[in-house]
Amino acid sequence: MTKPPGKLLPLVAALLCGAVLAQAASPSGPSVTSAAPVVSTTPDHGLFSTPGTSKRGEPSSSKPSTPPVTPTPPKPPADDWNLTGHGKVLYLTFDDGPQHEWTPKVLQVLRKHHAQATFFVLGIQVAQYPELVAAERAAGHRIGNHTVDHKTLTLLPEAKIRQEIAMGVKSKCLRPPSGATNAKIQAIAAAYHQRQVLWDVDTKDWEKPGTAHIEHAIMSGARPGAIILMHDGGGNRSETVAALDQALTKLTAQGYTYRALPC
């Protein structure tokens with residue numbers, strides 16, 4: 001037998017070592033135990049969604065969810081034009097405003113006597129003092145259309161009548177300037193869904209007849225359902241303001257109350 005060269009001895013030693021290691025790793029060799037991962041048996045809360053939990057990690061209900069029921073808002077009451085059917089009620093109305101000096105003073109008197117009123121305003125005045133119309137609405141008063149700039153409608157062609165009405169303030173009511181009207185104007189107003197509203201009592205305060213005269217006109221014309229005409233614009237209305245305060249003091253003592261028209 002030939003003896004292997006010296007340079008082969010390291011190779012033979014390496015092969016023998018590998019064989020020993022392979023035998024140790026075989027099933028028949030010594031067993032090696034590795035550490036197994038610890039698995040929690042407690043439920044998962046909020047880390048991952050599962051069929052049994054909601055997206056917030058809360059248990060889901062077994063019953064299908066019912067959408068909330070939105071209550072139906074009550075229908076607004078129909079416009080009540082039965083003005084004489086509410087006992088001792090007066091309907092105070094003011095034309096030609098709003099005006100920066102007198103409208104606030106009229107509002108102050110109405111507030112003092114817990115009175116509601118209707119303001120028939122001009123479009124050109126509303127454009128100049130929109131905050132006063134907002135104040136009227138905020139106080140619970142109603143706003144009526146008195147056209148754009150107080151033209152006498154019966155003297156205008158149809159196209160101009162329509163323009164005066166359509167470009168006035170949005171309202172359910174129209175009061176023709178000076179009360180000048182006819183069937184044609186009433187029909188045009190109806191086409192714009194506006195009811196023509198005149199008056200029962202003309203205080204003629206625009207003539208500035210004196211505080212006593214205006215107060216007497218209010219008092220003598222007062223009856224259940226009466227519409228009373230006054231002005232908060234168009235000139236100095238100091239007489240109107242004073243007469244209104246005095247008349248409402250007396251009328252309230254007689255049991256009258258004051259409502260706005262359904263405009």
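Under the 4.5 Å side-chain criterion, counting only non-hydrogen atoms from C-beta, Y192 is in contact with R162. Residues L229 and K204 have side chains not in contact (no heavy-atom distance under 4.5 Å, counting atoms from C-beta outward). By the 4.5 Å heavy-atom criterion applied to side chains, K184 and E158 are counted as neighbours. V89 is not listed as a side-chain neighbour of P224, based on a closest heavy-atom distance of 4.5 Å or more. Looking at heavy atoms from C-beta onward, I214 lies in side-chain contact with T240 at the 4.5 angstrom threshold. Proximity of V109 to K105: side-chain heavy atoms (C-beta onward) are nowhere separated by under 4.5 Å. Proximity of E136 to D232: side-chain heavy atoms (C-beta onward) are separated by under 4.5 Å at one or more points.
A salt bridge between R237 and D205 is absent, with no side-chain N of the basic residue lying under 4.0 Å from a carboxylate O of the acidic one.
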M219 vs K250, side-chain contact (heavy atoms from CB on, under 4.5 Å): CA-CA, chis, key distance, verdict: CA-CA 8 Å; M219 297 297 300; K250 297 175 182 178; 3.8 Å; yes
What verdict does the side-chain contact (heavy atoms from CB on, under 4.5 Å) test give for L251 and I218, after you've listed the backbone C-alpha separation in whole Å, the side-chain angles of each residue and the deciding distance to 0.1 Å? CA-CA 9 Å; L251 289 169; I218 297 172; 3.9 Å; yes
Step-by-step side chain to side chain donor-acceptor pair (under 3.5 Å) determination, T118 to R259: CA-CA 8 Å; T118 307; R259 293 188 183 183; over 6 Å; no
Run the side-chain contact (heavy atoms from CB on, under 4.5 Å) test on R195 and W81 for me, step by step, so that the C-alpha distance in whole Å, both residues' side-chain angles and the decisive distance to 0.1 Å come before the verdict. CA-CA 11 Å; R195 181 189 184 107; W81 284 97; 3.3 Å; yes
I would like to know whether Y91 and Q116 meet side-chain contact (heavy atoms from CB on, under 4.5 Å); could you show each step before the answer? CA-CA 8 Å; Y91 296 87; Q116 302 298 307; over 6 Å; no
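Cluster membership for V197 and V126, using ILVMFWY side-chain heavy atoms within less than 4.5 angstrom, is not shared. Connection of L92 to L132 is not established within any shared hydrophobic cluster, with ILVMFWY side chains joined at heavy-atom distances below 4.5 Å, either directly or through further cluster members. There is no path of hydrophobic side-chain contacts, each under 4.5 Å, that joins I161 to V148. Both M167 and I124 are assigned to one and the same hydrophobic cluster, defined by single-linkage of ILVMFWY side chains at heavy-atom distances under 4.5 Å. Residues L107 and V121 fall within the same hydrophobic cluster, defined by Ile, Leu, Val, Met, Phe, Trp and Tyr side chains chained together at heavy-atom separations under 4.5 Å.
In this structure, the side chain of S171 engages the main chain of I143 through a donor-acceptor pair within 3.5 Å. Counting only distance, with no hydrogens or angles, the side chain of Y258 and the backbone of T252 share a donor-acceptor pair below 3.5 Å. Judged by distance alone, with hydrogens and angles left aside, the side-chain atoms of Q194 form no donor-acceptor pair with the main-chain N or O of A189 at under 3.5 Å. At distances below 3.5 Å, not a single donor-acceptor pair connects side-chain atoms of Q125 with backbone N or O atoms of G97. Judged by distance alone, the side chain of H141 and the main-chain N or O of A117 form a donor-acceptor pair under 3.5 Å. Under a 3.5 Å cut-off, the side chain of N145 and the backbone N or O of I165 do form a donor-acceptor pair. Side-chain N or O atoms of H146 include none that pairs as donor or acceptor with a backbone N or O of D95 at under 3.5 Å. Judged by distance alone, with hydrogens and angles left aside, the side-chain atoms of D200 form a donor-acceptor pair with the main-chain N or O of I227 at under 3.5 Å. Between the T211 side chain and the A243 main chain, no donor and acceptor come within less than 3.5 Å of each other. The closest donor-acceptor contact from the side chain of K88 to the backbone of Q254 lies under 3.5 Å.
Atom CD of E101 sits in a crowded spot, with more than 12 heavy atoms from other residues, nucleotides or ligands closer than 6.0 Å. Crowding of H113 atom NE2: a count of heavy atoms from other residues, nucleotides or ligands under 6.0 Å exceeding 12.
Between the OG1 atom of T93 and the CD1 atom of I228 there is a distance of 8.0 Å, given to the nearest 0.5 Å. Interatomic distance, NZ of K208 versus NE2 of H213, reported as 15.0 Å (0.5 Å rounding). For the atom pair CG of L244 and CD of Q108, the computed distance is 11.5 Å after rounding to the nearest 0.5 Å. Rounding to the nearest 0.5 angstrom, the gap separating the CD atom in E207 from the CD atom in E239 is 11.0 Å.
Donor-acceptor pairing under 3.5 Å is recorded for the side chains of T181 and Q196.
Closest heavy-atom contact between A115 and L248: CB-CD1, 4.4 Å. Between L122 and H150, the shortest heavy-atom distance links the atoms CD2-N, 3.7 Å. When all heavy atoms of R142 and A260 are compared, the closest pair comes out as CG-CB, 3.5 Å. Shown here for P176 and L153, the closest heavy-atom pair between the two residues is CB-CD1, 4.2 Å. The heavy-atom pair separating L83 from D80 by the smallest distance is CD2-O, 4.1 Å. In terms of heavy-atom proximity, K151 sits nearest to D149 at NZ-OD2, 2.8 Å.
For the ring-ring contact (aromatic ring centres under 6.0 Å, His included) with F94, the qualifying choice from W102, F120, W199, F119 is F119, the only one to do so. The residue from T152, L174, L156, I185 that alone fulfils the side chain to side chain contact (heavy atoms under 4.5 Å, CB included) condition with E164 is L156.
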